[in-house]
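To start, the structure itself, in structure tokens.
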Amino acid sequence: MSGVQQIFEGARAEGRGALVGYLPAGYPTVDGSVELLSAMVEGGCDLLEVGIPYSDPVMDGPTIQAAADTALRAGFRLRDVLSVVERVSAAGGRAVVMTYYNPVLRYGVDAFARDLAAAGGLGVITPDLIPDEADEWLAASDAHGLDRIFLVAPSSTEERIATTAAATRGFLYATSTMGVTGARDAVATAAPGLVARCRAHTALPIGVGLGVRSADQAAEVAGFADGVIVGSAFVTAAETGGAGGVRALAAELAGGVRRAPAPA
Amino acid sequence: MFENGPVSTKSRASDGIAHPSDHEPDERGHFGRYGGRFVPEALIAALDELTTVYDKARGDREFLDELDRLHRDYTGRPSPLTDAPRLGEHAGGARILLKREDLNHTGSHKINNVLGQALLTKRMGKKRVIAETGAGQHGVATATACALLGLECVVYMGEVDTERQALNVARMRLLGAKVVPVKSGSRTLKDAINEALRDWVTNVDETHYLLGTAAGPHPFPTMVRDLHRIIGLEAREQVLERVGRLPDVVAACVGGGSNAIGIFHAFIDDPGVRLVGFEPGGDGVSTGRHGATLTAGSPGALHGALSYLLQDDDGQTIESHSISAGLDYPASGPSTRCSRTWGAPSTARSPMPRRWTRSRCSRAPRGSSRPSSRPTPSRVRCAWARSSGPTR
Ligand SMILES: Cc1ncc(COP(=O)(O)O)c(C=O)c1O
């Protein structure tokens, strides 16, 4: 079983959902992001999603756009993500990278997979890469033993859910709503239906992201999905409360994913 | 001096979509290694729907007739071919003919693509259209088509462009469109496209993204190209009629590449015709402040397609630079894959290169996993032109 899947299975064995926390590498600085990510682990994140700041993040709302901008302006370079992953992994965290495809293409798909695996990274989430275009990444992730997490959306057809799940390893990422990243007051009503549709096609754990920010929402999502993915809310917590802020948010959300019975 | 051309042509506006060319991508929109769909999964269903509806419309006489009728009675096609003898004299004696897409309704070639996609929007039963615009020409054409067909219209435009093209902002608003100034990134065309894509991902059910150039995810590059093929089909017919032979050179400016591929396409199989694409040279290619993607870019994925980009070593997009709002874009369409030729500007103020030095043709990059059945031949030569306006 893959490294990421084990994390989900571990949470399931405890009768709860897994908590996945996102933060861009290099935000607000490279060292600062290591500190924040470590605090997220201390607070209770089971898995870290380390983002690569990118100049054209079309799946991101204003909060993460601004954080990526901050990181890039502070001089973030692509190789920094490897050192961030290495440092948080050495400190006991478990991490996947979340990235738009072009930085990986530019680095060299195989070289990136090799170097990420060497740094201790467990896999990559690719929001703008669909399996149809991913031949090179499928080969590289196989060669270097990385999980590859593809996304499905409420608009995905049954056929696409099936083929996307078949190409996926680790967990399947279900976007709860049609839209970009950003905390929302209500987690969209489309999410439970989408997760149910996914279950018909795969035994993989299913993580739900986009919009989650509170313990109540985390509990709600953990009631029908295997993992709860939180991004913008961590960025906002880092902005306002630094390491203490993200630690407290992680603890609150970790309480949420333990409140609801995990799905059978 | 010169005879007048015929007022009508045999080519019909719909010919470019009705008759598949010899230069088609594979069924998933790959031109060799380029093209494809590098977009979030959330958009795939909409792109599939667009592909299906477009494919059906191409064979539907009613759709083709409606497009032809609109382009005749509304756009004013065919657009004339105008001799420019004084420009020719200035350029050293060449006979220069201008294909007058500027005389189309709304003032540019953009309307060719816009009317086709607006009709498809109706067919898909969508009520809302979003678009990006640089110079404002595509935005004006889209706002106009939406007013004509009763569609809601939102146009994203980089804040820098709203300032340098304020007149077109006023025109769009007058036509009932909402213009959204985009304040992120370089605040130009690239960022307007980012914002339009974010809107599309959120509102895709009722919204069509009416992309304005031959870029983006499949089927846009091919569909936009084919809707613009009428430029070349008419021009070829007109020049043969007027001059009695094919031109030595066909030249076009390249932003995303829609007008260029639209006119080049009719001449791709004519080995005697040189195809020259002009890219914005900005302050000069050597300064790094330019928009010469095909000359100085490298393969990468941006805005849904694998193409040529201005990017740094980390794959971050480098901001393009041009005094021309509509050409200020760091990528170009996958079907305008080019080989390179340096053109030395004849004078610092002229956008026309006089001398052509052939350089080695760029090979298709290695690692091409999916060779297309019939890729577009790499016979377009690219040149860059130094900004010639008074501002620099
Ligand atoms: C008149 C005109 N020509 C050319 C362009 C460049 O676009 P493309 O390369 O798609 O033709 C623009 C873009 O705004 C334009 O307005």
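Each chain gets a letter, A, B and so on, in the order the sequences are listed, and its residues count up from 1. Side chains are part of it too, since the values below use all heavy atoms of this structure and drop only hydrogens, waters and symmetry mates.
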Bottom line for B:L309: the part with an atom under 4.5 Å from chain A's heavy atoms is side chain

When every non-hydrogen atom of B:R198 is compared with those of A:D60, the smallest separation belongs to NE-O, 3.0 Å

Chain A shares the most heavy-atom pairs under 4.5 Å, among B:P40, B:A196, B:S186, B:G304, with B:P40

On a heavy-atom basis, the closest approach of B:V204 and A:M178 is CG1-CE, 3.4 Å

TODO: Please examine the side chains of A:P127 and B:E41, heavy atoms only from C-beta on, and report whether any two atoms are closer than 4.5 Å.
DONE: no

Answer key: most heavy-atom pairs under 4.5 Å with chain B among A:V152, A:L72, A:T164 is A:L72

### Query
Looking only at atom types and distance, does a side-chain atom of B:D314 sit under 3.5 Å from a main-chain N or O of A:L78, one as donor and one as acceptor?
yes

Whatever's closer than 4.5 Å to a heavy atom in chain B on A:Y101 counts as side chain

Quiz item: Between A:D132 and B:R37, is the closest basic N to carboxylate O distance under 4.0 Å?
Solution: no

Highest number of heavy-atom pairs under 4.5 Å with chain B among A:T157, A:I130, A:D56 belongs to A:D56

Heavy-atom closest pair (A:N102 atom, B:A301 atom, distance to 0.1 Å) is OD1-N, 2.8 Å

Okay, A:P154 and chain B: the region with an atom under 4.5 Å from a heavy atom over there is neither

Heavy-atom closest pair (A:S155 atom, B:A42 atom, distance to 0.1 Å) is OG-O, 2.8 Å

Is the side chain of B:Q316 donor-acceptor paired with the backbone N or O of A:S55 at a distance under 3.5 Å, no angle test? yes

The interface call for B:L306 against chain A, heavy-atom contacts under 4.5 Å, is side chain

Per-residue tally against chain B (heavy atom, under 4.5 Å) across A:G61, A:A153, A:P57, A:P53 peaks at A:P57

*Report the C-alpha separation of B:T317 and A:Y54 in whole Å, then their side-chain angles, then the decisive distance to 0.1 Å, and conclude whether the side chain to side chain contact (heavy atoms under 4.5 Å, CB included) test is met.*
CA-CA 8 Å; B:T317 311; A:Y54 177 54; 4.1 Å; yes

So, the part of A:T175 with a heavy atom under 4.5 Å from chain B: the answer is neither

Of all heavy-atom pairs linking B:S184 and A:Q65, the shortest is CB-OE1, 4.1 Å

Applying a strict 4.5 Å limit to non-hydrogen atoms, the region of B:N203 in contact with chain A is neither

With A:V58 as partner, the option from B:V39, B:V201, B:L197, B:L302 fulfilling side-chain contact (heavy atoms from CB on, under 4.5 Å) is B:L197

Under 4.5 Å to a heavy atom of chain A? For B:Q311 that would be both

